[in-house]
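Both ligands and their constituent atoms are indexed starting at 1 by order of listing. None of these values were measured; they are calculated from a predicted model.
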Amino acid sequence: MTSSSHQTWGGRFASAPARRVQAFTESVSFDQRLAEADIRGSIAHARMLAHIGVLTDQEFNTIADGLRRIDKRISAGDFEWRTALEDVHMNIESALTDDIGDLGKKLHTARSRNDQIATDIRLWLRESIDELAANLAHLRRTLINLAEREAHTIMPGLTHLQVAQPVTFGHHMLAWEAMLARDSERLAEVRARVNHLPLGAAALAGTTFAIDREMVARELGFEHVIDNSLDAVSDRDFAIDFANCASLIMTHLSRAAEEIVMWVAPASAFIELPDGYCTGSSIMPQKKNPDIAELIRGKTGRTNGHVVALLTLTKGQPLAYNRDNQEDKQTLFDLVDTVGASVVIFTDMVSNMQVNAENCRQAAKLGYATATDLADYLVRKDVAFRDAHRIVGNAVAHAISAECDLADLALTTLQQFSPAIESDVFDVLTLEGSVAARDHIGGTAPSQVLAAAHRARERLSAEAPAA
Ligand code: ARG
């Protein structure tokens, strides 16, 4: 190495990269986040090199001890990251050589930064997925608890944002839970595809050493060894997979957040959020705004953008590794951070919300939500559904001009619209009667909501806990 060239790859260079080039190409400012995974991968690699006789056992022990010391220094914040060394890999390798001497230079035998970085990201992402999965499970548990608590609370069910039919608040909570349950399932599928080992692919074609990739995979907990070396170092489809999954979680949270925003608005006031989960206005002293929900909705724009970023990053790349791939990291880190924080704070927010049952009920009562129940009633009295629909439409129009609910109309008035209507009609016109009548799997009857909450809880506890 000449003093003017790069410490690790400068042999064929007469001069070091220009300052601006260094600043442009470095990744250590962000990929230092992979340090722990990088060190774990290096120890597994070195152990395997000793196993196949490329290192002695003594050499392995010295290298592994040195790496562990560096790991401790990094977690203690006692490590100087140097931009001139480009990335996390070369910073750690260089620190190892400073610490244990020339032996440190043997560590990079039979590997490349190309298979090393692919391994690091997969290790890191696998752990991030496990953490996210646990937080998502906690959110689902919270929603199931809420569903049970509010199984009898009646609120307007909407289509086109118009009052459609009464539902229970608990039923609504279980709809959110169902979306997130599929997200948990997707996350587990993505984890399985992330959990493949690229190490051993070296730069792109494999290595001339008789490496034992299965041994490395076992130590690092990878389920499979990636078969093709060109593929192993180059594809980032696992990152795209995760991004899809993460942005779908955000999309689901965003829909729920939008409903929270509507529910806290004074016009509906279905729920109340504690002061600690709202923020105020700098000019309007009376304001209490649902900013957490709005921020979740807003951050979804960013996470959806990350999906497009990763797809576009990958689409033009010929085999095998290209430096473009370095751009996957900030995107992935931001996805993990944003989705993780959103899931946790959303859980806090909904577990602290108060449901105002009376306001919910009132809103359902205002919208002729039991009109379909009256039509169904007429069908049971042998009126064809289309005719029943028209009859009830006429009755609703009458109630609107009389400024009252269907249930407030006198029996004789109702009978003007159809002689099939009898005094038992009032049972189906109540909100409670309406929800109780939807008494089948997937229906909003309180008994069904409680049964569904029970099934959801069973499903949740049957899911494999994070490895
Ligand atoms: N910082 C690089 C990345 O994130 C590591 C691999 C660099 N490999 C190379 N041949 N320059 O992808």
Side-chain angles (χ1 to χ4, degrees), residues 1 5-13 15-18 20-42 45 67 70 74 79 81-96 105 107-128 194 196-207 220 226 229-240 242-243 306 309-337:
M1 174 192 129
S5 68
H6 194 277
Q7 189 175 339
T8 44
W9 47 249
R12 61 102 71 214
F13 286 77
S15 67
R20 213 175 260 158
V21 173
Q22 256 187 33
F24 189 73
T25 56
E26 69 87 23
S27 56
V28 68
S29 56
F30 49 90
D31 68 13
Q32 54 181 266
R33 196 163 167 178
L34 300 173
E36 194 272 331
D38 193 70
I39 287 173
R40 225 173 342 136
S42 286
H45 178 68
L67 286 169
I70 292 172
I74 293 172
F79 189 89
W81 296 103
R82 290 165 56 197
T83 310
L85 291 171
E86 235 177 80
D87 55 29
V88 61
H89 323 297
M90 295 202 285
N91 266 272
I92 290 172
E93 187 188 312
S94 161
L96 179 68
K105 297 180 186 169
L107 173 62
H108 210 52
T109 311
R111 79 172 180 189
S112 148
R113 280 184 293 157
N114 298 350
D115 56 346
Q116 193 178 352
I117 186 63
T119 305
D120 291 3
I121 309 172
R122 284 174 186 265
L123 275 175
W124 178 86
L125 187 55
R126 186 179 72 193
E127 260 131 61
S128 303
V194 167
H196 292 221
L197 174 77
L199 206 66
L204 76 163
T207 168
L220 297 176
I226 299 180
S229 61
L230 296 167
D231 174 46
V233 291
S234 65
D235 204 356
R236 294 291 182 268
D237 59 353
F238 65 93
I240 298 171
F242 174 75
H306 288 328
L310 287 172
L311 282 168
T312 311
L313 170 70
T314 308
K315 76 174 267 294
Q317 288 193 51
L319 291 174
Y321 176 84
N322 304 283
R323 192 64 174 268
D324 313 41
N325 282 336
Q326 181 165 298
E327 289 291 314
D328 63 356
K329 274 164 245 14
Q330 285 140 307
T331 299
L332 268 179
F333 295 160
D334 189 53
L335 274 167
V336 165
D337 293 343

Which bit of R323 is near ligand 1, meaning a heavy atom under 4.0 Å away: side chain, backbone, both or neither?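 The side chain, only.
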
Do you see a donor-acceptor pair shorter than 3.5 Å between the side chains of [X] and [Y]?
X: R323; Y: Q326; value: yes
X: T119; Y: R111; value: no
X: Q317; Y: N325; value: yes

Is there at least one pair of N or O atoms, one from [X] and one from ligand 1, spaced under 3.5 Å apart?
X: Q326; value: yes
X: R236; value: no
X: E86; value: no

Just to confirm my output: which protein heavy-atom neighbour is closest to atom 9 (C) of ligand 1, and how far is it?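 Closest protein heavy atom to atom 9 (C) of ligand 1: N114 OD1, 3.5 Å.
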
Starting from atom 12 (O) of ligand 1, locate the nearest protein heavy atom and write down its residue, its atom name and how far away it is, to 0.1 Å.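 Nearest neighbour among protein heavy atoms for atom 12 (O) of ligand 1, to 0.1 Å: Y321 OH, 2.4 Å.
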
Quick check on R20: does its CZ atom have over 12 non-hydrogen neighbours (other residues, nucleotides or ligands) under 6.0 Å away?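 Counting other residues, nucleotides and ligands, CZ of R20 stays at 12 neighbours or fewer.
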
Side chains of E127 and E36 in contact at under 4.5 Å (non-hydrogen atoms):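 They are in side-chain contact.
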
Could you check whether any side-chain heavy atom of V28 comes within less than 4.5 Å of a side-chain heavy atom of E86, counting everything from C-beta outward?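 No - every pair of side-chain heavy atoms lies 4.5 Å or more apart.
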
With the threshold set at under 4.0 angstrom, would you say K329 reaches ligand 1 through any of its heavy atoms?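 Checking ligand 1 against K329, which is what was asked, there is a heavy-atom contact under 4.0 Å.
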
For S27, atoms of ligand 1 separated by under 4.0 Å from a heavy atom: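 Those atoms are 1 (N).
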
